[in-house]
Amino acid sequence: MSNVVIVGVQWGDEGKGKIVDLLARQIDYVVRFQGGNNAGHTVIVDGKKAALHLVPSGILHEGKICLIGNGVVLDPVVFTQELDTLIAQGVDVSPSRLKISGKTHLIMPYHKALDQARENKLEKGQKIGTTGRGIGPCYEDKVARVGVRASDLTDPELLRAKIAAALKEKNVLFTALYGMEPLSVDAVFDEVMAAAPRVVPHLTDVSSDLQQAWKEGKSVLFEGAQGIHLDIDHGTYPFVTSSNTVSGNAAAGCGIGPNRLDRIIGILKAYTTRVGEGPFPTELNDATGDLLRANGGEFGVTTGRPRRCGWQDIVILRESARLNGLTDIALTKLDVLSGFDEIKICVAYDYQGRRMDYPPQESGALERVTPIYESVPGWKEDITACKTWDELPEAARAYVLRLEELSGVPVSMVSVGPDRNQTIFR
Ligand code: IMP
């Protein structure tokens, strides 16, 4: 199998974990290249169930090598906890199969404190709805060139100096602006160093490991987190996460050339969801939205928050197709749409009296578009036992074909339930 990038093409929570799990069997390496423990998915393999936030989902597959690239931000405390959970389940998390780039930036206690303090202080309407995991402040320090990298754990003196420098600035914010107690250098240093013996053995040079893998003819899966419309540049700014979620970042986020990325699969939920704040043109604040939430179990794995729900939005999908160079789509949760008399698809937007096939790019414009819908017939049958394309009701097939037609991207997989065998390959 060639090298595959998996990205969520909406606002996250598209069901990437299941598709990664399915493809991982044919793959030798699974790599994460951006985001941190703001992500979350539940993976069940051979009866072992794990809610993972940081460690690549390939870890539950025996023999697969999992890498955490330089583009990820890693909370050493969370990493240690996730290791313990996996060890308790008998999963092999030895450094020979779970490796972290020395260039990966560490989420420090002050990043988490700042993320939460800042979010609490924002007025309604300005809040981002972050997961509060310190993601944004960690990326800020990385770009400001004052971040702590995983390799710094091997140099306690340097680590302490970096913490002292960071707190000089951050404690002013904590005390003067947020009315909090200052953090002590010793306490932060001790907390992070306590995790060092668990992190350091996993450190590696991910770029060179991947180079070696290809020399040996191995294949690699790049596991994207969050969703394309949460991308720091191309998403619904400022209601976004703090990393580039687009497929191109798979190259920068682990130190390989972009010509290594052969296949780019967009994971698309059959309808749309979003957690946190920000524009969502097809959102349904009504009984239909409630029904999608209830039938789809739309509550966050990381924060438990109820997800906002709405109809499929092809404008958003078209934008994802062009931003990522999607080669194909894996459509998830089609079963959740069973039972509707009619299903709506947003085919374009009305923006200031103009019909738009792609999102207007002006700041805040997405708040002001009106979706233009097309209705297609629903189906009543339970499709969760369908094993082949032909077994799907005609209306379900027609819905999938219409998504293909409107987006210009072929749908190669259709998921009709959470189990691995509830997947139709086309
Ligand atoms: P942050 O990434 O914690 O800074 O949160 C920024 C925005 O991205 C918030 O709206 C979060 O709800 C959203 N977000 C972050 N990670 C995920 C994810 O994995 N799935 C869905 N939404 C996410």
Side-chain angles (χ1 to χ4, degrees), residues 6-20 32-43 51-57 71-75 78 82 105 107-108 110-122 124-143 223-246 249 253 266-269 271-280 283 293 296-310 316 320 332-333 366-367:
I6 298 250
V7 287
V9 293
Q10 294 155 314
W11 279 283
D13 309 312
E14 295 88 355
K16 294 180 284 292
K18 171 175 165 174
I19 305 298
V20 172
R32 273 201 60 184
F33 56 91
Q34 49 72 227
N37 59 307
N38 45 350
H41 44 248
T42 308
V43 198
L52 297 174
H53 299 279
L54 189 56
V55 172
S57 10
V72 172
V73 286
L74 181 137
D75 184 331
V78 171
E82 220 156 270
H105 277 251
I107 300 179
M108 305 293 281
Y110 46 82
H111 292 140
K112 291 180 263 192
L114 196 54
D115 203 10
Q116 289 156 20
R118 200 182 268 161
E119 187 78 0
N120 289 340
K121 185 114 180 149
L122 287 173
K124 203 174 179 300
Q126 293 177 323
K127 286 187 194 292
I128 308 289
T130 74
T131 57
R133 305 295 196 258
I135 307 295
C138 181
Y139 278 115
E140 278 170 38
D141 278 2
K142 169 178 174 171
V143 176
E223 177 182 347
Q226 290 81 52
I228 295 312
H229 295 277
L230 290 170
D231 183 280
I232 183 72
D233 290 302
H234 303 290
T236 46
Y237 194 88
F239 303 102
V240 292
T241 191
S242 297
S243 61
N244 283 114
T245 57
V246 290
N249 194 29
I267 314 301
L268 175 75
K269 206 182 283 191
Y271 47 98
T272 312
T273 62
R274 178 166 197 165
V275 212
E277 306 302 319
F280 179 177
E283 182 170 14
R293 186 176 309 106
E298 297 295 353
F299 297 89
V301 176
T302 300
T303 57
R305 291 178 287 182
R307 296 179 184 140
R308 300 154 66 192
C309 297
I316 286 297
S320 289
T332 59
K333 292 190 144 181
L366 211 57
E367 304 271 12

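Each ligand, and each atom within it, is numbered from 1 in the order the structure gives.
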inquiry  = Test of understanding: given a 4.0 Å heavy-atom threshold, classify the contact between R305 and ligand 1 as side chain, backbone, both, or neither.
reply    = side chain

Distance filter under 4.0 Å to G129 heavy atoms, resulting ligand 1 atoms = 9 (C), 10 (O), 11 (C), 12 (O)

request  = Indicate, as side chain, backbone, both or neither, the part of W11 found under 4.0 angstrom from ligand 1 when only non-hydrogen atoms are considered.
outcome  = backbone

query = Is it the side chain, the backbone, both or neither of L230 that has a heavy atom closer than 4.0 Å to ligand 1?
reply = side chain

ask   = Backbone or side chain, does any N or O of D115 fall under 3.5 Å from an N or O of ligand 1?
value = no

Smallest separation among heavy atoms of W11 and T273, with atom names = CB-O, 3.7 Å

ask   = What's the shortest distance from atom 3 (O) of ligand 1 to any protein heavy atom, and which residue and atom give it?
value = T131 OG1, 2.5 Å

ask   = Just one of N38, T131, T241, T245 clears the side chain to side chain donor-acceptor pair (under 3.5 Å) bar with Q226, so which one?
value = N38

query = Which of these, R293, R308, R274, K269, sits in a side chain to side chain donor-acceptor pair (under 3.5 Å) with E298?
reply = K269

message = Using a 3.5 Å cut-off on N or O atoms only, is T130 in polar contact with ligand 1?
response = no

key: Passing candidate, salt bridge (charged side-chain N to carboxylate O under 4.0 Å, His left out) with D13, options K333, R307, R305   = R307

remark   = Note: heavy atom closest to atom 15 (C) of ligand 1, options Q10, K16, H229, Q226, belongs to Q226

key: Contact check, A225 vs ligand 1, heavy-atom distance below 4.0 Å   = no

inquiry  = Evaluate R133 for polar contact with ligand 1, using N/O atom pairs at a separation under 3.5 Å.
reply    = no

Option among D231, I228, V246, L268 that satisfies the side chain to side chain contact (heavy atoms under 4.5 Å, CB included) test with S320 = I228

message = For a quick test of reading the model, state the closest non-hydrogen atom pair linking D75 to K112 and the distance between them.
response = OD2-NZ, 2.7 Å

query = Between C309 and F280, which heavy-atom pair has the shortest distance, and what is it?
reply = C-CZ, 3.7 Å

ask   = Which residue supplies the protein heavy atom nearest to atom 6 (C) of ligand 1, what is that atom called, and how far is it?
value = V240 O, 3.3 Å

message = Regarding ligand 1, does T241 bring an N or O atom to under 3.5 Å of one of the ligand's N or O atoms?
response = yes

key: Which residue and heavy atom of the protein sit nearest atom 21 (C) of ligand 1, plus the separation   = D13 OD2, 3.1 Å

message = Can you see whether D141 engages H111 through a side-chain donor-acceptor pair at a distance of less than 3.5 angstrom?
response = yes

query = Under the salt bridge (charged side-chain N to carboxylate O under 4.0 Å, His left out) criterion, do E119 and R133 qualify, and how do the steps go?
reply = CA-CA 11 Å; E119 187 78 0; R133 305 295 196 258; over 6 Å; no

